[in-house]
Amino acid sequence: MTMIKPNFARSSELFAEALRFMPGGVNSPVRSFKAVGREPVFIKRADGAYIFDEDGNKYIDYVGSWGPAILGHNNPRVKSALLAAIENGLSFGAATEAETAMAKLLTSAAPSLEMVRLVNSGTEAVMSALRVARGFTGREKIIKFAGCYHGHSDALLVKAGSGLLSGASPDSAGVTASTAADTLIAGFNSLDSVAALFEGNKGRIAALILEPVPANIGVVLPEKGFLEGVRDICDKEGALLIFDEVITGFRLAFGGAQELFNIKPDISCFGKIIGAGLPAGAYGGRRDVMEMVAPSGPVYQAGTLSGNPLVTAAGIAQLSFLREHPEVYKHIETEAGRLFSGLAEIIQKSNRRNASAGKDAGCVVNSIGSIGSLFFTGEKVRDFSSALKSDTKRYAGYFSYMLDNGVYLAPAQFEALFVSDSHTGREIDRTLELAEDFFSRPESWRAAAGTGAV
Ligand code: HOZ
């Protein structure tokens with residue numbers, strides 16, 4: 001396959017300027033491309049399954065703004081709802097009819113969602129949900145799982161995933177020891193580790209929070225009985241179960257992971273997908289729990305931009321489209337299924353070739369529905385420590401090869417790949433063709449020089 005190295009001159013110029021005014025030249029670490037050892041491409045626009053950079057390069061987009069572009073970019077219904085809303089004003093900081101319409105849509109998604117509160121991001125949803133759980137139970141401690149990422153609030157930046165792993169540390173500076181002390185860490189897929197924490201902290205644990213399908217150490221699947229097990233333990237111990245569905249909500253099914261696995265959490269948190277990519281979030285759940293929130297109850301949480309009219313207009317358009325068109329899920333899953341099984345086949349061939357040549361260079365694919373990840377390790381990835389065995393330098397080589405050939409993947413090993421309704425056989429075939437080519441080259445087992453976790 002011939003490859004013409006694209007031109008990134010304009011992105012490079014823009015990055016040099018950005019570095020002078022913003023830490024690392026970006027407003028969120030992963031997009032800096034630091035974890036893949038190169039400069040970021042600067043994006044100008046996106047349409048359908050494609051994004052375009054400032055140098056005019058076109059890429060098949062498997063990031064989709066980290067999930068919300070489930071219909072692809074520039075969906076006409078979302079766009080016209082947003083344009084119509086703009087005519088009426090940008091922000092009121094006052095009650096609107098659209099907020100109730102949005103709340104109705106969210107509560108229609110799953111039986112666990114009796115009431116919701118709209119906020120501005122997944123981080124805010126999770127941070128608020130924990131406050132509510134503490135207010136409701138009168139307890140202080142929480143359990144989270146190593147590698148689960150729940151946004152950047154202090155209490156949750158302990159053994160977290162996503163950009164923290166690309167920065168080579170699962171913990172953040174600036175989080176006080178006393179804040180971190182109330183966050184207990186269990187092992188994903190290990191009910192024994194959960195039981196041990198409850199045993200050692202009797203009557204003190206307010207809530208257990210998890211991504212039902214962790215997607216911020218790459219995608220990791222819950223093993224049979226694990227989610228049911230945490231539900232049972234929480235019930236037995238009087239702690240609330242919080243599902244962080246920022247990635248899985250409205251993606252694995254309209255009712256999210258809780259619909260797919262048939263588990264009823266007490267509180268659920270949502271993010272960007274409910275605003276179709278605009279800054280949005282929500283938390284919701286049991287009525288008795290949600291009635292703790294001000295002004296109904298004593299747990300304070302507020303925000304001028306919560307339920308913003310532009311965000312709700314875009315969110316209502318995207319969510320009602322998904323509700324009216326369940327075939328969207330079928331289509332995305334068929335295309336994603338072809339992609340992930342195709343990748344698995346290519347990788348198995350490559351693993352066999354490498355093994356017979358005595359090269360220690362395995363790779364595995366984890367996927368569910370329209371999300372998945374390639375891990376550059378020969379071992380099964382089922383939790384934080386097995387995910388960390390991935391060779392980030394080999395991922396960097398794969399990322400660069402795909403980018404240079406017009407495929408935009410997550411610029412870090414410990415993230416997910418997202419397929420949208422706009423991806424068709426054409427994009428999937430092209431991606432598989434490139435992956436086949438990459439895995440038959442020496443780069444597939446050799447680390448990209450000078451790249452990797454930093
Ligand atoms: N933390 C996001 C991935 N899990 C990346 C956010 C961004 O760079 O936009």
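Since we're looking at a predicted model, the values are computed, not measured. Along the sequence shown, residues are numbered consecutively beginning with 1. Just so you know, ligand 1 is whichever comes first in the structure, and atom 1 is the first atom listed for that ligand.
Salt bridge status for E140 with R134: absent, with no side-chain N to carboxylate O gap under 4.0 Å.
For the pair R45 and F52, the cation-pi test (distance below 6.0 Å, angle within 45°) is passed.
Counting only residues at least two apart or on different chains, the salt bridge (charged side-chain N to carboxylate O under 4.0 Å, His left out) pairs with a member in residues 11-27 are R10-E13.
Around ligand 1 you find S28, R31, W66, S162, N216, E415, each with a heavy-atom distance below 4.0 Å.
Taking D182 as the reference, K141 meet the side chain to side chain donor-acceptor pair (under 3.5 Å) condition, with sequence neighbours excluded. R286 pairs by the salt bridge (charged side-chain N to carboxylate O under 4.0 Å, His left out) definition with D266, D288, not counting sequence neighbours.
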Practice item. Verify salt bridge (Lys or Arg N to Asp or Glu O under 4.0 Å) between E427 and R430, making sure each step is shown before the conclusion. Key: CA-CA 5 Å; E427 287 76 36; R430 174 69 183 149; over 6 Å; no
